[in-house]
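Counting starts at 1 for both ligands and their atoms, in listed order. Source: prediction; values computed, not measured.
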Amino acid sequence: MIIIGSDHGAFELKNVLKEYLTSMGKEVCDCGTYDSSSVDYPDIAQKVCEKVKEEGSEFGILLCGTGIGISIAANKIDGIRCALLNTEYAAAKAKQHNNANVIAMGGRVVGPDLAKSILDAFMNAEFEGGRHQNRLDKIHALEN
Ligand code: RB5
């Protein structure tokens with residue numbers, strides 16, 4: 001299950017990515033927002049991240065106008081490693097090195113085709129472990 005959520009700044013991009021994932025046969029849980037009226041992105045970040053921590057979820061996708069606010073909010077939640085992505089290169093590294101469990105993008109920054117390529121690059125990469133796991137352990141230690 002892939003968990004997705006956006007504020008009003010990326011409502012259209014959320015629908016594009018949701019449809020893209022569904023067309024690949026992926027199960028998607030949509031945590032809102034469900035129309036273009038203004039909402040507060042920390043509320044969406046919280047909903048998505050709590051679901052990401054549940055058994056059976058693969059990863060989360062958070063979208064706002066820039067991706068900045070919603071990724072900042074997500075990274076305040078224990079156990080969440082949210083990567084703000086604007087390139088396919090960073091998307092692959094976010095999985096290989098950071099084992100990100102949430103990715104963020106900006107609906108006013110990346111177009112639909114780039115957003116799909118970024119998503120593909122993240123989903124097709126594998127966490128490399130080793131020295132990267134040591135660093136993730138140190139990030140986890142910063143939470144306490
Ligand atoms: C909402 O207008 C906008 O501030 C939000 O979508 C996001 O870009 C914040 O970082």
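Contact annotation: for Asp7 versus ligand 1, heavy atoms closer than 4.0 Å belong to the side chain alone.
For ligand 1 and His8, the ligand atoms under 4.0 Å from any heavy atom of the residue are 1 (C), 2 (O).
Residue Gly69 places at least one N or O, backbone or side chain, under 3.5 Å from an N or O of ligand 1. Polar contact with ligand 1: present for Thr66 (N/O pair, distance under 3.5 Å). Backbone and side-chain nitrogen or oxygen atoms of Gly65 are examined, and one is located within less than 3.5 angstrom of a nitrogen or oxygen of ligand 1.
With hydrogens and angles ignored, the 3.5 Å screen pairs no side-chain donor or acceptor of Asn98 with any backbone N or O of Ala100. A donor-acceptor pair under 3.5 Å links the side-chain atoms of Ser57 to the main chain of Val52, judged by distance alone. A donor-acceptor pair under 3.5 Å is formed between the side chain of Arg81 and the backbone N or O of Asn99.
When hydrophobic clusters are built by joining Ile, Leu, Val, Met, Phe, Trp and Tyr residues whose side-chain heavy atoms come closer than 4.5 Å, directly or via intermediates, Phe11 is not grouped with Val110.
Geometrically, Lys95 engages Phe122 in a cation-pi contact defined by less than 6.0 Å to the ring centre and at most 45° from the axis.
Closest to atom 9 (C) of ligand 1, if we only count protein heavy atoms, is Tyr41 CE2, 3.5 Å. Of all protein heavy atoms, the one lying nearest to atom 3 (C) of ligand 1 is Arg108 NH1, 4.0 Å. In terms of protein heavy atoms, atom 7 (C) of ligand 1 is closest to Cys64 SG, 3.3 Å.
With hydrogens and angles left out, the side-chain atoms of Tyr20 and Asp120 include a donor and acceptor closer than 3.5 Å.
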